[in-house]
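So the structure is just underneath, and the comments pick up after that.
Computed from a predicted model, the values in this text were never measured in an experiment.
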Amino acid sequence: MKNNFSLLKQSPEIKEVIFSFISILLAMFIGGIIILLMGESPIKAYSSLISGSLGSPRDIANTLSKSIPLLFTGLAVAIGFKGGTFNIGAEGQLTLGAMFAVIVGLFLGELPKIILVPLMFISGILGGALAGAIPGFFKAKFKISEVIVGIMLNYLIKHFTSYLVNGPIKAPGTVAQTEMLSESGKLIKLLPRTQLTTALFIGIITVIIVYLFLWKTSFGFKMRAVGENVGAAVASGIKGNSMMIFSMAIGGSIASLAGITEVMGKQYRFIEGFSPSYGFTGIAVAVLGRNHPVGVVLSALLFGILDNGSLRMSRETAISSSIIVVIQSLVILFVSAPRLIEFFNKKKVIK
């Protein structure tokens, strides 16, 4: 028994996996108590949730579809943490990326798909990278908190895109939205009557690239070194400021993929408020996944299962699907709070 405890102390990865697992169990347990107090069976509720998210190929496809934007925003936040920054601006980054992509899609809609789709992705990624680089620049050059700048930028982007869809590029009607994209600007569905598109392959490729970049390249090593201890990294010759700006820019470009794939694969236009806070949920996804690409994948899948399964749970029981928001919030509380406190304490020590 003593040897087992010493093994846990010497294995941070095992410790973190166990901590995440316990956090999820605690959130589900407290959620079960709330369901019980509502006069329903937690076993029946959770069974409906699982069958609704994984019970058929169509359910699995829709669960994956709901997980994909969280995968992108989770990776964006994780990249920021690895580079010593807190990317709280993913919501604005994905929104600006979606807007840039749609504008290109609307004005160049007559181009063939093989040309238009890459152009839309490139423009959207550049928009996200810009939105990410701005907080990184202010932090690196002026020592202004990237959290404050990121939050302010979220609001600026929200109101800027709102102006566009309520004014210059608004489609006829009362809804704040653009015109529909042409067929050339739409992603291909992988399964009929579902929302799963080729965004799945883009997500898989992105995870692989992020992993190889962080752990198999010298640039990725330097970024992680800055994230661990910026003072020591600078002392060893690494340009800490440049790494911070780059980590935020690359995080913004990845976050933009969440918005781009949503408008090109589901809405087929830009609709004001299309994101149900994917950017902020991505913070919980990254922390639960321990800022590791594989962990982010599993974490995004968990949130996708909860989100998609809640629809059947609410149909088969008298429980509102809002209970899933409570469970997700509990997961965020149990997992995120200690890690965020640790992150900011580490920054204070470095200063």
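Checking each of I68, I60, N62 against L196 for a side chain to side chain contact (heavy atoms under 4.5 Å, CB included) leaves exactly one that passes, namely I68. Put simply, the residue from L54, L64, L70, V285 that forms a side chain to side chain contact (heavy atoms under 4.5 Å, CB included) with L301 is L64. Checked options K170, Q267, R269; the residue passing with Q177 is R269 (criterion: side chain to side chain contact (heavy atoms under 4.5 Å, CB included)).
Qualifying ring pair (Phe, Tyr, Trp, His ring centres under 6.0 Å) partners for F246, counting only residues two or more places apart in sequence or in other chains: F219. With sequence neighbours excluded, the residues forming a side-chain contact (heavy atoms from CB on, under 4.5 Å) with S253 are I125, A129, I250, listed by chain and number. Under the rule for a ring pair (Phe, Tyr, Trp, His ring centres under 6.0 Å), F121 has no partner lying at least two apart in sequence or in another chain.
At least one side-chain heavy atom of L214 sits less than 4.5 Å from a side-chain heavy atom of M223. Contact annotation: the side chain of F142 approaches that of F137 to within less than 4.5 Å [non-hydrogen atoms, C-beta and beyond]. Side-chain contact check for L153 versus P135: some heavy-atom pair is nearer than 4.5 Å. The side-chain heavy atoms of F72 and I260, taken from C-beta on, include no pair separated by under 4.5 Å. V210 has its side chain within reach of P293: a pair of non-hydrogen atoms, C-beta onward, lies under 4.5 Å apart. Between K139 and I144 the shortest side-chain heavy-atom distance does not fall below 4.5 Å. At least one side-chain heavy atom of I151 sits less than 4.5 Å from a side-chain heavy atom of Y155. Side-chain atoms of L212 and T217, non-hydrogen and from C-beta on, never get closer than 4.5 Å to each other.
Atom-to-atom distance recorded for N308:CG and L49:CG is 9.0 Å, nearest 0.5 angstrom. Rounding to the nearest 0.5 angstrom, the gap separating the CD1 atom in I319 from the CD1 atom in I34 is 10.5 Å. Distance CG/L108 to CD/E110: 10.0 Å, rounded to 0.5 Å. Between I33 atom CD1 and F29 atom CZ the span is 4.0 Å, to the nearest 0.5 Å. Expressed to the nearest 0.5 Å, how far OG of S47 lies from CD of E316 amounts to 9.5 Å. Atom OG of S256 sits about 11.5 Å away from atom CD1 of I122, to the nearest 0.5 Å.
At a cut-off of 3.5 Å, with distance as the only test, no side-chain donor of T317 or E40 sits close to an acceptor on the other residue.
Of the possible polar contacts, none joining the T178 side chain to the I169 backbone as a donor-acceptor pair under 3.5 Å is found. Side-chain N or O atoms of T261 include one that pairs as donor or acceptor with a backbone N or O of A258 at under 3.5 Å. Proximity of a side-chain donor or acceptor of Y211 to a complementary backbone N or O of H292 within less than 3.5 Å is not detected. Judged by distance alone, the side chain of T161 and the main-chain N or O of I157 form a donor-acceptor pair under 3.5 Å. When atom types are taken as modelled, the side chain of T197 and the backbone of K189 share no donor-acceptor pair closer than 3.5 angstrom. The backbone N or O of E183 sits less than 3.5 Å from a side-chain atom of K113, completing a donor-acceptor pair. Proximity of a side-chain donor or acceptor of D307 to a complementary backbone N or O of S53 within less than 3.5 Å is not detected. In this structure, the side chain of E179 does not engage the main chain of L106 through any donor-acceptor pair within 3.5 Å. With hydrogens and angles ignored, the 3.5 Å screen pairs no side-chain donor or acceptor of Q93 with any backbone N or O of G128. A donor-acceptor pair under 3.5 Å is formed between the side chain of T73 and the backbone N or O of P69.
Within 6.0 Å of atom CE in M152, 12 or fewer heavy atoms from other residues, nucleotides or ligands are found, so the atom counts as exposed in its surroundings. Residue-environment remark: CG (L37) exceeds the threshold of 12 foreign heavy atoms within 6.0 Å.
Under a hydrophobic clustering in which Ile, Leu, Val, Met, Phe, Trp and Tyr are joined whenever their side-chain heavy atoms come within less than 4.5 Å, directly or via other members, M313 and V326 fall into the same cluster. Following chains of ILVMFWY side-chain contacts shorter than 4.5 Å, one cannot reach I323 starting from I43, and the two form parts of different hydrophobic clusters. Note on I202: it clusters hydrophobically with F213, by side-chain heavy-atom contacts below 4.5 Å among ILVMFWY residues. Under the 4.5 Å side-chain heavy-atom criterion for grouping Ile, Leu, Val, Met, Phe, Trp and Tyr, L96 is connected to I79 within one hydrophobic cluster. Note on L130 and L156: same hydrophobic cluster, where clusters join Ile, Leu, Val, Met, Phe, Trp and Tyr whose side-chain heavy atoms are under 4.5 Å apart, directly or indirectly.
The shortest heavy-atom contact between S314 and L311 is OG-O, 2.8 Å. Between A284 and S299, the closest heavy-atom pair is O-OG, 4.2 Å. The two atoms that bring K266 and S65 nearest to each other are CE-OG, 2.9 Å, heavy atoms only. Here the closest non-hydrogen pair linking V230 and G240 is CG2-CA, 4.5 Å. Contact between P276 and F274 at its shortest, heavy atoms only, is CD-O, 3.4 Å.
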(request) Run the numbers on E146 and F86 for side-chain contact (heavy atoms from CB on, under 4.5 Å), then give the verdict. (result) CA-CA 7 Å; E146 74 277 20; F86 184 11; 3.6 Å; yes
(request) Apply side-chain contact (heavy atoms from CB on, under 4.5 Å) to V207 and L71, showing your working. (result) CA-CA 9 Å; V207 169; L71 169 65; 3.7 Å; yes
(message) Determine whether E262 and S275 satisfy the following criterion, side-chain contact (heavy atoms from CB on, under 4.5 Å), listing intermediate values before the conclusion.
(response) CA-CA 9 Å; E262 285 293 294; S275 169; over 6 Å; no
(message) Would I238 and M243 count as a side-chain contact (heavy atoms from CB on, under 4.5 Å) here? Give the steps.
(response) CA-CA 8 Å; I238 298 174; M243 286 297 166; 4.0 Å; yes
